[in-house]
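I have placed the structure first, in the form of structure tokens, so that the comments after it can refer back to it.
All ligand and atom numbering here is 1-based and tracks the order in the structure. We number each residue from 1, following the sequence as shown.
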Amino acid sequence: MNHIISIHDLNRNQIDRLLTRAGAIMAEYAGREPLKGKILGLLFFEPSTRTRMSFESAMLRLGGSCMNLGGVEVSSMAKGETLADTIRVVSGYADAIVLRHPKVGAARLASEFSDIPILNGGDGAGQHPSQTLIDLYTIRHSMPLDHIDVGLLGDLMYGRTTHSLAYALTHYHACIHTISPKGLGLPDSIRDNLCELGAEVIEHDSVEEIIKDLDVLYVTRLQRERFPDPAKFYDVSSSYRITPSLLADAKDHLAVLHPLPRVDEIDPAVDKLPCARYFQQARNGVPVRMAMLTEVMG
Ligand code: NCD
């Protein structure tokens, strides 16, 4: 395995193997430093807390080191250097790169100019494959992944985590239920691809309508920074919110996930319910990314 740009770069066997390794990785490498002497380059051109820090934590726990670009303003990109040249140069300094970039396709482009593995840490409204592995790992902790009903709620147009998760779920024959504010549904191209892959994708007007049938509810925030027209954000903001009363009719084993950050789409009163898995999901970033790093650099 080399670059991980899209969830399509991993087949079901590779995904299952990574999830299984993630589950055993803390014990497997306890007291050992399998990536000692290796350097991970973190190139983040968009804000990040979980992705950047959990990749860094994963690398440090494996005995490796991290090098941070520190953003456009302090790098030569401020002088007009292209992403391609930056990647060519950094690939001589590090052993793998995690790239987060506002443009769809940036990680793919980077992989064409890199001698070392590129891990896509999110490319605009494109994909976020490492988050998807964390999502699957979190679900698998509560229930078998095959044939589940998953609700994807929120901004499915610009939410990259939902794109890669929906594709990954096709390996497990999930029924995908989409619920989004008007104009923020799954892009037609993704919906078509999912159907070609054999997925059942059902659109709903409200989460109330489907909540009792779901095994997993995956909530996302509005990707305000990607709205071409900021006024549109105010039209749809506060159009959905998960509360304890909305969850009253849910299945006992329902798992509520969110890639975070949340803004106001989940009432904090939900946090103490047994279905709330989003903080555990964030913690799972470390073992899952340890498995990914040892896979590409080990
Ligand atoms: C997500 C992202 O960056 O796409 N965050 C994350 O990596 N956990 C979700 C988001 O920003 O809404």
Side-chain angles (χ1 to χ4, degrees), residues 4-7 22 40 42-59 68 71 97-108 118-139 150-168 178-181 184-187 190 216-227 230 232-233 236-242 255-266 271 276-290 292-293:
I4 303 181
I5 306 299
S6 138
I7 199 70
L40 180 65
L42 298 166
L43 273 64
F44 279 67
F45 300 108
E46 272 192 344
S48 172
T49 300
R50 277 147 291 273
T51 305
R52 190 168 48 80
M53 294 195 73
S54 64
F55 263 117
E56 189 160 353
S57 170
M59 191 61 184
N68 252 293
I97 289 174
V98 182
L99 175 70
R100 169 168 288 190
H101 197 279
K103 288 216 168 71
V104 175
R108 180 70 65 203
I118 299 285
L119 302 173
N120 181 6
D123 61 323
Q127 289 214 11
H128 196 345
S130 66
Q131 180 65 46
T132 295
L133 294 173
I134 296 163
D135 302 338
L136 296 175
Y137 180 82
T138 308
I139 299 169
V150 179
L152 300 179
L153 170 66
D155 180 350
L156 310 184
M157 171 66 72
Y158 300 116
R160 56 194 173 202
T161 64
T162 59
H163 300 164
S164 27
L165 177 59
Y167 282 128
T178 64
I179 313 109
S180 49
L184 295 176
L186 270 183
I190 296 184
V216 173
L217 174 61
Y218 191 90
V219 188
T220 60
R221 72 179 173 97
L222 297 174
Q223 306 284 299
R224 179 181 189 167
E225 67 277 27
R226 303 197 202 290
F227 282 37
K232 169 86 180 133
F233 174 77
V236 291
S237 67
S238 312
S239 54
Y240 58 97
R241 183 170 166 88
I242 302 304
V256 178
L257 272 65
H258 190 312
L260 303 178
R262 78 171 142 184
V263 185
D264 53 12
E265 54 284 341
I266 301 183
D271 299 357
R277 302 289 156 75
Y278 28 92
F279 291 115
Q280 183 59 46
Q281 184 185 359
R283 277 195 288 274
N284 290 342
V286 177
V288 171
R289 288 176 168 134
M290 284 170 79
M292 295 178 75
L293 291 173

Quiz item: Looking at F55, is R289 sitting on its ring face, NZ or CZ under 6.0 Å from the six-membered ring centre and within 45 degrees of the normal?
Solution: yes
Practice problem: State whether the shortest distance between N or O atoms of L260 and N or O atoms of ligand 1 falls below 3.5 angstrom. | Solution: yes
Quiz item: Would a distance-only check, ignoring hydrogens and angles, find a side-chain to backbone donor-acceptor pair under 3.5 Å from D155 to Q223?
Solution: yes
Quiz item: Can you tell me if E46 has a non-hydrogen atom under 4.0 Å from ligand 1?
Solution: no
Exercise. Among Q281, R277, H258, find the one that has a side-chain hydrogen bond (donor to acceptor under 3.5 Å, both in side chains) with D135.
Key: Q281
Practice problem: Decide whether an N or O pair under 3.5 Å exists between T161 and ligand 1. | Solution: no
Self-check item: salt bridge (Lys or Arg N to Asp or Glu O under 4.0 Å) partners for R221, two or more places apart
Solution: E225
Self-check item: Residue part near ligand 1, for P261, under 4.0 Å between non-hydrogen atoms
Solution: side chain
Quiz item: Taking the minimum heavy-atom distance to atom 3 (O) of ligand 1, which of R262, H128, R160 ranks first?
Solution: R160
Self-check item: Closest protein heavy atom to atom 10 (C) of ligand 1, given as residue, atom name and distance to 0.1 Å
Solution: R221 NE, 3.4 Å
Quiz item: For R226, what residues pass the salt bridge (Lys or Arg N to Asp or Glu O under 4.0 Å) criterion, not counting sequence neighbours?
Solution: E46
Quiz item: Looking only at protein heavy atoms, which one is nearest to atom 8 (N) of ligand 1, and how far off is it?
Solution: P259 O, 2.9 Å
Exercise. Record the part of Q223 in heavy-atom contact with ligand 1 below 4.0 Å; permitted values are side chain, backbone, both and neither.
Key: side chain
Practice problem: Let me know which of T51, T162, I7 forms a side chain to side chain contact (heavy atoms under 4.5 Å, CB included) with H128. | Solution: T51
